2 protein chains.
Amino acid sequence: MVQDSIQVLQTQGYKVTKPRRQVLAILNGAQRPLSPYDIQRLLRQQGKHLNHVTIYRILDLFCSLNLAHKLLSTGGFVKCVLGDKEGCHRFMVCHRCGTLQEFADEGLCQEENEFTRNFDFHTKYHLSESSGLCSNCYRKQHQKQGNA
Amino acid sequence: MVQDSIQVLQTQGYKVTKPRRQVLAILNGAQRPLSPYDIQRLLRQQGKHLNHVTIYRILDLFCSLNLAHKLLSTGGFVKCVLGDKEGCHRFMVCHRCGTLQEFADEGLCQEENEFTRNFDFHTKYHLSESSGLCSNCYRKQHQKQGNA
DNA sequence: GGCTAATTGCAACATTGTTGCATTTAGTCT
DNA sequence: AGACTAAATGCAACAATGTTGCAATTAGCC
Ligand SMILES: [Mn+2]
Ligand SMILES: [Mn+2]
Ligand SMILES: [Zn+2]
Ligand SMILES: [Zn+2]
């Protein structure tokens, strides 16, 4: 929720400004990762003009407060829905419609840690993206094939 | 090995040009992901001048032939050491010295697939980066703490 | 309603990435 | 070895993205 993020800003002593609310609203409404310039374009379509520098700075802040994530593959930003589960960030990205869903799994993290330890590597952060088809797109794809 | 990559180029009908050999050599010698402009700078230090457009095109080709990978987090390029294990690419990145090691684990992939299936998601590709400390850096870090 | 530190806007700049076309070159065939 | 030709590179111009310093504005406070 946008309201929760505003709470975080306030309790951490950051001002709740118009630009920050606007960026929050955009991230909240988006089903896909957005670049800073994506966000600027979307806002402009609503008649709202934000300087790109401001958007960069707001996104930096949001990431530092774990209100948003910067994605591995594209560099796009998404609102954070799970908080920082001990430095683990996992996403499912549909390569057909672009929608994204965040998830977490303690078991995966453990297995990953064990495995990398065999290489004498001490893992602290996990980043992963599983790309494929969301349920909707899988159904559509399947129908198409069936009709052929 | 560079020689293996040259083999791939030849058997796939691509010319083995001086620029391609130069980029191969750089990727092969690097312990860390390199951006196209990184590569240009490194070559320039050796007195070799490549147009950046050429480097972009060479890296595109190498990725399409699985001779190189484009990394998730930074967009940097690394030489591929494992080939394409069924669309799975996993890396350990040391956040202290920047070194990178590729790995693969069938078990991780399976667990990831199972987990995402619970969300009705059909995973096709796996991308993950485990960041932390390599054995060298872990040792150094440890020594420092001990001496304090 | 003023005060002030925090935030934003602006301008200028730097870096990265893309496209079309002229030039060069690797591999092939005499 | 030299000529031929498709493939690859270089060049120029441009587009997009990201950064910095400083002036103007504003949210939260009294
Ligand atoms: Mn998160
Ligand atoms: Mn690989
Ligand atoms: Zn989809
Ligand atoms: Zn290290």
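Computed from a predicted model, the values in this text were never measured in an experiment. All values below come from the heavy atoms of this structure, side chains included, with hydrogens, waters and symmetry mates left out.
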### Query
Taking OP1 and OP2 of C/dT7, is either one under 4.0 Å from a side-chain nitrogen or oxygen of A/Thr17?
no
What are the two closest heavy atoms between [X] and [Y], and how far apart are they?
{"X": "A/Pro36", "Y": "A/Ile55", "answer": "O-CG2, 3.7 Å"}
{"X": "B/Ser128", "Y": "B/Arg90", "answer": "OG-NH1, 3.1 Å"}
{"X": "A/Ser130", "Y": "A/Phe103", "answer": "OG-CZ, 4.2 Å"}

### Message
Students often mix this up, so state it plainly: with edges at 30° and 60°, are the rings of B/Tyr37 and B/His52 parallel, tilted or perpendicular?
### Response
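Ring orientation of B/Tyr37 relative to B/His52: parallel.
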### Query
Using 30° and 60° as the class limits, which term best fits the ring planes of B/Tyr138 and B/His142: parallel, tilted or perpendicular?
parallel
Go through [options] for me and flag the one nearest to the [X] side chain.
{"X": "B/Val16", "options": "C/dA11, C/dT7, C/dG27", "answer": "C/dG27"}
{"X": "B/Arg20", "options": "D/dA8, D/dG18, D/dT20", "answer": "D/dA8"}
{"X": "B/Lys15", "options": "C/dA26, D/dG10, C/dG9", "answer": "C/dA26"}
{"X": "B/Val53", "options": "C/dT18, C/dT8, D/dT19", "answer": "C/dT18"}
{"X": "B/Asn51", "options": "C/dA26, C/dG9, D/dC11", "answer": "D/dC11"}
{"X": "B/Pro19", "options": "D/dT9, C/dA12, C/dT8", "answer": "D/dT9"}

### Task
Using a 4.0 Å heavy-atom cut-off across all strands, classify A/Arg21 as base, sugar-phosphate, or nothing.
nothing
### Task
Ignoring hydrogens and angles, tell me if any N or O in the side chain of B/Asn28 forms a donor-acceptor pair with the backbone of B/Ala25 under 3.5 Å.
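Side chain of B/Asn28 to backbone of B/Ala25: no pair is present.
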Mind calculating the distance between [atom1] ([X]) and [atom2] ([N]) to the nearest angstrom?
{"X": "B/Asp60", "N": "D/dA8", "atom1": "CG", "atom2": "C1'", "result": "14 Å"}
{"X": "A/Gln40", "N": "C/dC10", "atom1": "CD", "atom2": "C1'", "result": "13 Å"}
{"X": "A/Gln12", "N": "D/dG28", "atom1": "CD", "atom2": "C1'", "result": "17 Å"}
{"X": "A/Tyr37", "N": "C/dT15", "atom1": "OH", "atom2": "P", "result": "15 Å"}
{"X": "A/Phe77", "N": "D/dG18", "atom1": "CZ", "atom2": "C1'", "result": "11 Å"}
{"X": "A/Ile55", "N": "C/dT7", "atom1": "CD1", "atom2": "P", "result": "17 Å"}
{"X": "B/Ile58", "N": "D/dA7", "atom1": "CD1", "atom2": "C1'", "result": "13 Å"}
{"X": "A/Leu24", "N": "C/dT7", "atom1": "CG", "atom2": "C1'", "result": "15 Å"}

### Bend angle of the helix from C/dG1-D/dC30 to C/dT30-D/dA1, from helix axes over five pairs at each end, nearest 10°
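The end axes of the helix from C/dG1-D/dC30 to C/dT30-D/dA1 are about 30° apart, to the nearest 10°.
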Does the [N] base have a donor-acceptor partner in the side chain of [X] within less than 3.5 Å?
{"X": "B/Arg57", "N": "D/dG10", "result": "yes"}
{"X": "A/His52", "N": "D/dT19", "result": "yes"}
{"X": "A/Tyr14", "N": "D/dG28", "result": "no"}

### Message
For a 4.5 angstrom cut-off between non-hydrogen side-chain atoms, does A/Leu127 reach A/His89?
### Response
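Yes, close enough: below the 4.5 Å cut-off.
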### Summary
Taking for B/Tyr56 and for B/Gln10 the nucleotide of DNA chain C with the nearest heavy atom, the one nearer the 5' end belongs to B/Tyr56
### Message
Among B/Thr54, B/Ile39, B/Leu34, which residue satisfies the side-chain contact (heavy atoms from CB on, under 4.5 Å) criterion with B/Leu59?
### Response
B/Ile39
